[in-house]
Structure formats: C-alpha cells, structure tokens
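Okay, structure first, notes after.
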Amino acid sequence: MRKTLKILGVEFTCDESGLSLVEVKKNEIKIVANLLASQVKIHKKYGGVVPHLAAREHKKNLPYLFKKLKKEVKNLDFDFIAFSAGPGLPPALVEGKKFVQKLAKKYKKKLLPVNHLLAHIFISFLKENKIILPPTPAIALLVSGGHTEIFLIEGNFKKKFKIKMLGQTLDDAAGEAFDKVARMLGFPYPGGPEIEKIAKQAKSVNLKFPRPIIWQKNYNFSFSGLKTAVFYYLKNIKKIKKGLIASVAYEFQRAVFDVLLERTKRAIKEYNAKSFIIGGGVSANETLKEFFLKNLENVEIFWPAKNLSTDNALMIAIASLFYLKKGKKLKSPEKIDIDPNLKIDL
Ligand code: KG4
Ligand code: ZN
C-alpha cells in the first residue's frame, strides 16, 4: 500500500502569509490545516501593498502561523516543505525564504520551490478533496493582482505535460486595473470585490469604455488604456452620484470581461481545447464566473473555489504534486532560491 504523503505548503509572495498541511493518499487530499494571516488592514491605509511592510508582516506572521499549526495538529509531521519561490515582491520573498530555510533545518526536511502563478492554476483541480485532472489540450487563464496571462497546456497531467504561455498583459494586470479604478471611485484596497459589489446595483447603463486591443489577433492584453478612459470620464463629471459609480463599475468590469472572454474563446477554438482552467484573485468574481459559464461551450471548466481564488498556502501544497510528477527534485535548505520574476517552470 502506498504511503501517505504529508506536505507543508507555505505562501508569502505578496500580502498574505499562509501555511497549509495536506495529506495525500493516491488521489485523496485531506486538508489538515489551511491557515492565512492577511495584511489587508495594514496596506489599506496606503491604497495598495507596500513591499517592506509586507516583508515585516511575513517575518512576524509566518512563525505565528506555525505556532498555531503546532497547537492545532497533534504530533505535527510532514515529509517536505513546498514554498512559493516567486514571482512576487522581493522583500516579501526574502523573508519567506529565511523562514522556510530555518524550518527545514530544524525539522531536517527538504524543500520544493513552486511557481505561485502555476499554483493558482492547479488549485482549480481540487474538487471535494479529490484532484480531478482536466482533459487536454487545455487553455488556462491566470488573472491576479500582478499578472494576466493565458497558457496552452498540452500532453497529459498524469505523466508528461507542457505549459506554454500564449500571451500576457503589456501593461497593467486585470486585478491591478480593478484596484486602480476602485481607488478612483473612492473604494479601499483591494478594489476587485468592491467593484463587483457596486456593479450589481447598476440599472440602465449607457456608457461605453474601450476594450483595449481586443481586435488584435494575438493573445496579449492591455488594461492601462481602459483605466485612463475611466479616469478622464470621471474628470469631466461635476458631481459623482452613487448611480453613476455603479454604472462606471459595471461598464469597466464588463470591458475587462469582454477582453478576457475573447482571448479565451479564440484560444479554445484555435487549439481545440477540451478544458478551460482559470485561477488568480480576479476569478473570485462571481459575475465573471456567470459570464464565462454562459459563454463557453464544449469545454470542461475548472474554476477554483471562491476562498481559494486569492492567495493561500493550500494551492502551493497542491501544485507541488505536479512538480513531483514532472520529476522535480526536493532541495536542501542551503540550495533553494527565490526569484521575483520567476518564469513558468513546468
Ligand atoms: O491572486 P491574488 O490574490 O494575488 C496576486 O497574486 O496578485 O489577486 C489579488 C487581486 C487583487 O487585484 C484583487 O482586487 C483581485 O485579485 N480580486 C478581485 C476580486 N477579488 C479579488 N477582482 C475582481 N473581483 C473580485 N471579486
Ligand atoms: Zn496570487
């Protein structure tokens, strides 16, 4: 009988410190713990994430979470540590690296570096404590605060698969555009959930913002022109009423979603994709989910649970399974590294 694999996942690339312990037996995933210490309150005052404050918080929160984990789990034990090696904020990654190195040395365990962006994709495979492998070829869309990228995945998730980037944003990421437009509308950071909420109150919207570069037949994105269009629209309005804020939020959100859907649909068609996978903070948006479910046909859709769309450590632990499948080796503490610009490595 195959032994149970116990993985400790650690997340620290941005403004969430996370620790998760999972037990994997064949295809069964037991989530023993999934702890998160959010820093949103601290960064809210500044309207966005302040890197050195994020680092300071990780330094404090990661050991605190580990203490909590030890309290929650009797005879805490794990086989290796999976950690998010990047991409992310350099000061945050440096603190996280120190933490995982120290922990690995103390427990005499090895480590597996995981790409944070791929972890956002793999977590959508988790359905009711089982990993469901998407049929391939698959198209994957990553929509987070720092990245907007679309991938083609070929091969077979059981054995050999290859992830290739088809396109990415040329300027702002989708989540970043949500945060910036929310700020213009007077909402706090993070702006995505605020825009989604107020947009639901929009009545008859007769406003049109651009769908940047939607006509280009490539797979790149651009959201900074859309953000500027919102800025100039608001600048010309004397008194901004609540109804107008709802309309702006609605039309902005719709413009982002139209571009995301066009790229997705064309990629699915061009590569004969059998499944569509989404991940990253913006995928927490239920309006986006409804819109995609309504408009995508003939593909199996893999959407992460809402609470796992944004940063968490469970996704790091789950992703590490695919690194093992691809033959990636565990590393000793002194051999690990972090990379703020880590590229897709599977
Ligand atoms: O993946 P994530 O947690 O962190 C990064 O890796 O960047 O994504 C955070 C981003 C933020 O920009 C936030 O505004 C956005 O995800 N977000 C949303 C929603 N919830 C979070 N955007 C739109 N609608 C939402 N409901
Ligand atoms: Zn993320």
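Computed from a predicted model, the values in this text were never measured in an experiment. The figures that follow rest on heavy atoms only: side chains count, while hydrogens, waters and symmetry mates do not. Remember, it's 1-based here, ligands and their atoms both numbered in the order they're listed.
Screening F151, F302, Y271, F292 against F276 for a ring-ring contact (aromatic ring centres under 6.0 Å, His included) leaves a single residue, F292.
In this structure, a donor-acceptor pair under 3.5 Å is present between the side chains of S283 and S309. If you check the side chains of E262 and T264, you find no donor sitting under 3.5 Å from an acceptor.
With S124 contributing its side chain and H120 its backbone, the two residues share no donor-acceptor pair below 3.5 Å. R263 contributes no side-chain N or O that, together with a main-chain N or O of D258, makes up a donor-acceptor pair within less than 3.5 Å.
You'll find the side chain of H58 reaches within 4.5 Å of the side chain of Q39, heavy atoms only.
Around the NZ atom of K274, the shell of radius 6.0 Å holds no more than 12 heavy atoms that belong to other residues, nucleotides or ligands.
Only protein N, O or S atoms were considered, and those under 2.8 Å from the Zn ion (ligand 2) are H116 NE2, H120 NE2, D311 OD1.
For F322 and F125, the distance between ring centers is under 6.0 angstrom. Between F99 and F83, the gap from one ring centroid to the other reaches at least 6.0 Å.
Protein residues having at least one heavy atom under 4.0 Å from any atom of ligand 1 are H116, H120, S144, G145, G146, G175, F178, D179, P190, G191, G192, P193, E196, G280, G281, V282, A284, N285, T310, D311, listed by chain and number.
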